[in-house]
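One structure is given below, encoded as structure tokens.
A note on names: the letters A, B, ... follow the listed sequences, proteins ahead of strands, and every chain is numbered from 1. When reading the values below, keep in mind they use all heavy atoms of this one structure, side chains included, and skip hydrogens, waters and symmetry mates.
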Amino acid sequence: MARYNHREVEPKWRKAWEDGGCFRAQADPARPKCYVLEMFPYPSGRIHMGHVRNYAMGDVVARYKKACGFNVLHPMGWDAFGMPAENAAMERGVHPGKWTYDNIAAMKAQMLPLGLSLDWSREFATCDPEYYAQQQALFLDMLEAGLVYRKSSMVNWDPVDMTVLANEQVENGRGWRSGALVERRELTQWFFRITDFAEELLEGIDRLEKWPEKVRLMQRNWIGRSEGLEFRFETIGAPEGHEELTVYTTRPDTLFGASFCAVAADHPLAKALARENAELAAFAEECRRIGTSEEALEKAEKKGFDTGVRVRHPFDPDWQLPVYVANFILMDYGTGAIFGCPAHDQRDLDFARKYGLPVTPVVCPEGQDPASFVIEDEAYTGPGRIVNSRFLDGMSVDEAKAEVARRIEQAGKGERKVNYRLRDWGISRQRYWGCPIPVLHCPECGVVPEKKENLPVRLPEDVTFDKPGNPLDRHPTWRDAPCPRCGGPAKRETDTMDTFVDSSWYYARFTAPRAKTPTDPEAVDYWMNVDQYIGGVEHAILHLLYSRFFARAMHKTGHLPEKCVEPFEALFTQGMVCHETYRAQDGRWLSPDEVRIVDGRHVEAATGAPVEVGPSIKMSKSKKNVVDPTDIIDQYGADTARWFILSDSPPDRDVEWTAAGAEAAWRFLQRVWRLTEDALPSLPARGAEPPADPCEAAMALRRATHRTIAGVTADIEGFAFNKAIARIYEFVNAISKAPAEGEGMGHARREALSALAQLMAPMAPHIAEEIWSALGETKLVAQTPWPKADPALLVEDTTPIAVQVNGKRRAEIRVPREASREEIEQMALADDNVRRFLDGKTPRKVIVVPGRIVNVVL
RNA sequence: GCCCGGAUGGCGGAACUGGUAGACGCAGCGGAUUCAAAAUCCGCCGAGCUGACACUCGUGUGGGUUCGAGUCCCACUCCGGGCACCA
């Protein structure tokens with residue numbers, strides 16, 4: 001008997017799918033559609049197991065939905081702009097475009113053998129001029145609609161390389177290449193008005209019922225709506241034009257606990273003071289060296305500088321508070337200035353302790369004596385009664401907030417304000433490998449949008465990366481172009497767009513990838529929205545929020561209908577792929593194929609030296625704990641790789657790739673094939689009449705078949721692919737153990753094997769086709785409707801029920817399905833072991849949950 | 001630092017809405033087959049105590065609610081993701 005040979009079988013079926021045009025999507029208004037999308041990959045050059053996991057999951061959904069009768073759209077493309085291409089250009093002198101397209105070709109060649117049910121005819125890369133031309137058109141429409149503007153904002157500046165750095169290019173405050181201390185620097189940059197949609201984006205989350213709750217929560221927190229008070233302090237000793245200091249607070253109730261004000265280093269008041277005060281200027285410089293990331297700001301030691309300026313308390317002109325410049329105040333949030341109440345905010349408390357400022361509790365927890373309530377080293381942020389606060393004393397926190405707001409508003413010193421943590425989306429990048437921003441700078445007309453007929457504004461091919469900085473800036477001729485308005489000489493904008501822009505609308509483009517406009521109304525109307533979106537949880541906030549914004553902006557500019565403002569109906573976030581780490585004795589990381597297990601010990605294959613086995617962590621090149629999908633596919637086949645990566649962990653959690661697990665998957669597929677081949681001679685012809693009176697074993701197998709159909713269907717619907725696979729293992733065990741002979745066994749076995757092929761098909765599509773055709777079927781599984789479970793075969797005559805005495809399991813009884821509570825109770829009390837524990841006593845209470853449990857309470 | 005998750009045998013995990021903890025797989029152990037091995041097949045497999053039945057303990061830690069808690073509540077520990085220029 002021949003072994004199942006994936007090297008022959010898998011290409012054969014891929015060709016059959018291709019020849020049958022199985023996965024080519026065509027709009028058909030008469031049929032229900034289903035749009036399945038996995039987050040498209042960045043073309044790094046090699047696919048990794050994370051891709052295999054992501055696309056295997058999407059493929060399960062796509063194939064399952066197709067079998068359920070849906071007209072499925074399942075496209076693939078490339079998120080192709082971005083920094084790594086420029087890094088490669090700098091390191092190896094290869095053009096970013098060539099590097100990217102070579103990578104795409106290599107990755108596609110690796111992906112095709114996976115047998116994914118993708119419509120490759122819709123493929124595009126975001127760096128294709130046809131794609132970014134439409135993106136530029138969208139930009140121009142958004143500009144016209146007032147959704148785009150320019151403002152000054154901060155970047156990480158490397159003073160040696162004279163270039164802007166990404167946050168990941170800043171290591172310990174220094175540029176990754178130059179090693180120079182990085183500073184914050186102001187630059188005029190392009191922004192999308194995402195904050196105009198803050199409320200809408202927040203409210204929209206409520207309707208995303210098929211999104212993970214954790215993602216919805218993260219997005220809500222990210223938008224960070226707060227209701228507070230913006231008000232003005234009168235300043236003393238401030239430079240001209242700074243007679244008032246405007247602060248924003250969500251805790252106006254703590255105003256009598258205030259002991260200082262603090263402003264950001266980039267606050268206009270701080271800048272004005274720094275011009276006169278060298279020491280303050282130096283401190284502001286130091287603050288700017290922290291960089292631009294919120295993480296770095298928050299982790300930095302809290303420091304302040306007393307400006308000497310004072311402000312008057314709004315409710316007591318004789319009470320003065322010092323004004324500090326502090327490194328933890330964000331210019332982008334609120335007004336860039338706060339008042340600090342140390343007793344009820346941890347950061348303010350840390351700051352006050354450091355600079356010896358008073359700490360006065362003004363909220364006293366219920367049940368605490370205000371006289372003895374003191375703050376030690378932990379701020380109190382909970383509810384309570386207001387104390388030490390004159391006219392607010394005795395109020396609740398909420399009452400006091402309202403009262404302070406009322407009085408401040410009445411005095412004309414401020415107003416209630418809803419504030420959002422969300423900031424406008426800065427899209428300017430001072431880089432080459434991105435979508436050019438299609439505007440010109442004209443000395444006569446100012447900033448002028450490029451005419452649509454001139455799109456795309458193409459990236460020039462002849463660029464060099466021998467010097468740091470943006471090659472577009474120093475290109476000899478590219479910048480020169482006529483002003484679209486006056487025709488005079490003008491200069492092109494050299495900023496390109498953030499790559500998040502590219503990925504914020506690709507899902508819409510897939511519905512009509514060759515359209516001469518960004519979208520095609522008919523295609524969008526039929527295919528949108530994405531019915532199931534699948535990707536890594538690391539994109540839970542930024543990518544998904546930007547896409548939600550972009551869909552709204554596209555609606556506003558007429559490129560998407562109203563129904564598309566939430567483009568992803570259902571979202572699934574998958575976990576990472578991990579592997580053990582290996583280290584040689586000299587500390588070198590070793591890759592899994594450099595390690596062997598000899599007598600149960602891990603040793604280095606080349607030398608036999610012992611190897612230290614480290615924890616299983618996300619596969620990464622730096623730790624060398626990567627397994628190349630192509631190696632696995634060569635050795636075991638695509639079905640094995642897909643089967644294993646889906647089998648071992650719940651899809652939303654991390655999965656650990658193990659060689660033993662992959663081998664087990666391979667053995668299982670071999671076993672299924674043997675089972676089929678062994679059974680073939682004993683099967684009745686397809687469509688033969690089943691016997692009228694099958695034996696009990698045949699009926700048991702039939703029940704197992706239909707239980708499995710029902711179970712696997714529910715598991716796939718619920719994204720529990722690991723459970724679906726466990727169920728299939730059980731089912732195969734049941735088929736193997738079923739007796740060979742008996743009335744109706746042949747029919748039952750044929751039915752079981754047919755169902756097995758169909759149920760395995762979404763996960764392991766090649767072997768499923770091989771089994772299917774061995775059973776004499778003429779159509780492809782890929783073209784066959786999903787099997788239906790017969791409800792009559794799902795019910796059991798008796799069910800087992802556990803019996804507890806005082807909550808501890810003491811016996812198990814089998815009861816008829818239709819047994820009443822009383823009957824179940826009688827049977828439970830009659831059980832030997834239960835009677836032993838009753839010891840002749842009468843139970844106080846007997847809890848009977850039919851179908852589940854009996855608990856006898858003494 | 002802030003926001004969001006997670007933790008169950010030697011390992012990955014299962015346990016539907018509070019109702020038999022450990023399905024299924026891996027590793028391990030024992031057996032069959034074989035000249036031998038590979039492959040395959042059969043059996044055992046949380047810990048303790050047992051000849052066996054039984055019993056006791058057991059879902060990161062400490063408390064709580066309940067007839068009953070892996071599941072709900074409170075407080076913690078450790079691990080992971082995100083923090084706006086990585087994608």
- Item | Any A:Arg667 side-chain N or O less than 4.0 Å from OP1/OP2 of B:rC26 | yes

- Note on the structure: Looking only at B:rG12, B:rG19, B:rC24, the nucleotide nearest the A:Tyr729 side chain is B:rC24

- Looking at B:rC55, B:rA87, B:rC24, which one has an atom nearest to any side-chain atom of A:Phe837? B:rC55

- Item | Short side-chain N/O contact to B:rG25 OP1/OP2 from A:Ser647, under 4.0 Å | no

- Which listed nucleotide (B:rC57, B:rC55, B:rC24) is nearest to the side chain of A:Arg836? B:rC55

- Query: Can a side chain N or O of A:Asn722 be found less than 4.0 Å away from OP1 or OP2 on B:rG13?
  - Reply: no

- Item | Within 45° cone of A:Phe351 ring axis and under 6.0 Å: A:Lys302 NZ or CZ | no

- Indicate, with a heavy-atom threshold strictly under 4.0 Å, whether A:Asn833 touches base, sugar-phosphate, or nothing. sugar-phosphate

- Roughly how far apart, to the nearest Å, are B:rC78 and B:rA39 at atom P? 44 Å

- Query: Pick one for B:rG58: is it syn, with its angle within 90° of 0, or anti?
  - Reply: anti

- Tell me which nucleotide among B:rU56, B:rG82, B:rC67 gets nearest to the side chain of A:Arg810. B:rU56

- Scan side-chain atoms only and decide if A:Thr100 and A:Trp433 contain a donor-acceptor pair under the 3.5 Å cut-off. yes

- Item | Base-pairing mate for B:rU33 - Watson-Crick or G-U, with both contacts under 3.5 Å | none

- Item | Rounded P spacing from B:rC45 to B:rC53 in Å | 10 Å

- Message: Quiz question: going by heavy-atom distance under 3.5 Å, is there a donor-acceptor pair between the base of B:rC67 and the side chain of A:Asn855?
- Response: yes

- Item | Donor on one side chain, acceptor on other, A:Asn54 and A:Glu38, under 3.5 Å | no

- With sugar-phosphate meaning primed atoms plus P, OP1 and OP2, does A:Val164 contact a base, only sugar-phosphate, or nothing at under 4.0 Å between heavy atoms? base

- Query: Is there a side-chain polar atom (N or O) of A:Asn167 under 4.0 Å from OP1 or OP2 of B:rA84?
  - Reply: yes

- Query: When you check the gap from the basic side-chain N to the acidic O, do A:Arg288 and A:Glu186 get nearer than 4.0 Å?
  - Reply: no

- With heavy atoms under 4.0 Å as the rule, sort A:Arg671 into base, sugar-phosphate or nothing. sugar-phosphate

- Task: Compute the centroid of each ring, for A:Trp78 and then for A:Tyr506, and state whether the two points are separated by less than 6.0 Å.
- Result: no

- So does A:Glu295 reach the base of B:rC83 with its side chain, donor to acceptor, closer than 3.5 Å? yes

- Query: For A:Lys302 and A:Val849, take the nucleotide of RNA chain B holding the closest heavy atom to each; which residue's nucleotide lies nearer the 5' end?
  - Reply: A:Lys302

- Determine which nucleotide pairs with B:rG12, using a 3.5 Å limit on both distances of a Watson-Crick or G-U wobble pair. B:rC24

- Message: Taking 4.0 Å as the cut-off, does a side-chain nitrogen or oxygen of A:Lys808 come that near to OP1 or OP2 on B:rU56?
- Response: no

- Whichever of A:Gly807 and A:Gln189 has the more 5' nearest nucleotide on RNA chain B, that residue is A:Gly807

- Query: What integer number of Å spans the P atoms of B:rG22 and B:rU33?
  - Reply: 34 Å

- Item | Nucleotide nearest A:Asn733 when distance is taken to its side chain, options B:rC67, B:rA84, B:rG25 | B:rG25

- Base, sugar-phosphate, or nothing for A:Ile847, non-hydrogen atoms under 4.0 angstrom? base

- Indicate, with a heavy-atom threshold strictly under 4.0 Å, whether A:Arg653 touches base, sugar-phosphate, or nothing. sugar-phosphate

- Query: Should A:Gln804 and A:Ile853 be marked as a side-chain contact (heavy atoms from CB on, under 4.5 Å) after you check the CA-CA gap, both sets of side-chain angles, and the distance that decides it?
  - Reply: CA-CA 8 Å; A:Gln804 298 180 333; A:Ile853 207 161; 3.4 Å; yes

- Message: Please pick, from B:rC24, B:rC67, B:rA87, the nucleotide with the shortest atom-to-atom distance to any side-chain atom of A:Glu730.
- Response: B:rC24

- Item | Inter-nucleotide P distance (B:rG46, B:rC24), Å rounded | 12 Å

- Item | Sugar-phosphate only, base, or nothing, as touched by A:His543 at under 4.0 Å among non-hydrogen atoms | nothing

- A:Arg421 has a side chain; which of B:rA84, B:rG81, B:rC11 sits nearest to it? B:rA84

- Query: Can you tell me the Watson-Crick or wobble partner of B:rG1, both distances under 3.5 angstrom?
  - Reply: B:rC83

- Note on the structure: Pairing partner of B:rU77, by Watson-Crick or G-U wobble and under 3.5 Å for both distances, is B:rA7

- Opposite nucleotide pairing with B:rC55, Watson-Crick or G-U, both atom distances under 3.5 Å: B:rG48

- Message: Let's go through A:Phe668 and A:Ile725 carefully: what are the C-alpha distance in whole Å and the side-chain angles of both, what is the deciding distance for side-chain contact (heavy atoms from CB on, under 4.5 Å) to 0.1 Å, and is it a yes or a no?
- Response: CA-CA 11 Å; A:Phe668 174 74; A:Ile725 286 176; over 6 Å; no

- Which value, in whole Å, describes the distance between the C1' atoms of nucleotides B:rG80 and B:rC74? 24 Å

- Ranking B:rC4, B:rC67, B:rA84 by distance to the side chain of A:Trp222, first place goes to B:rA84

- Which nucleotide in B:rG82, B:rG80, B:rG5 has an atom nearest any side-chain atom of A:Met576: B:rG80

- Decide yes or no for A:Gln169 and A:Met83: does some side-chain heavy atom of the first lie under 4.5 Å from some side-chain heavy atom of the second? yes

- Please determine, for the side chain of A:Lys299, which listed nucleotide (B:rG81, B:rG1, B:rA87) has the closest atom? B:rG1

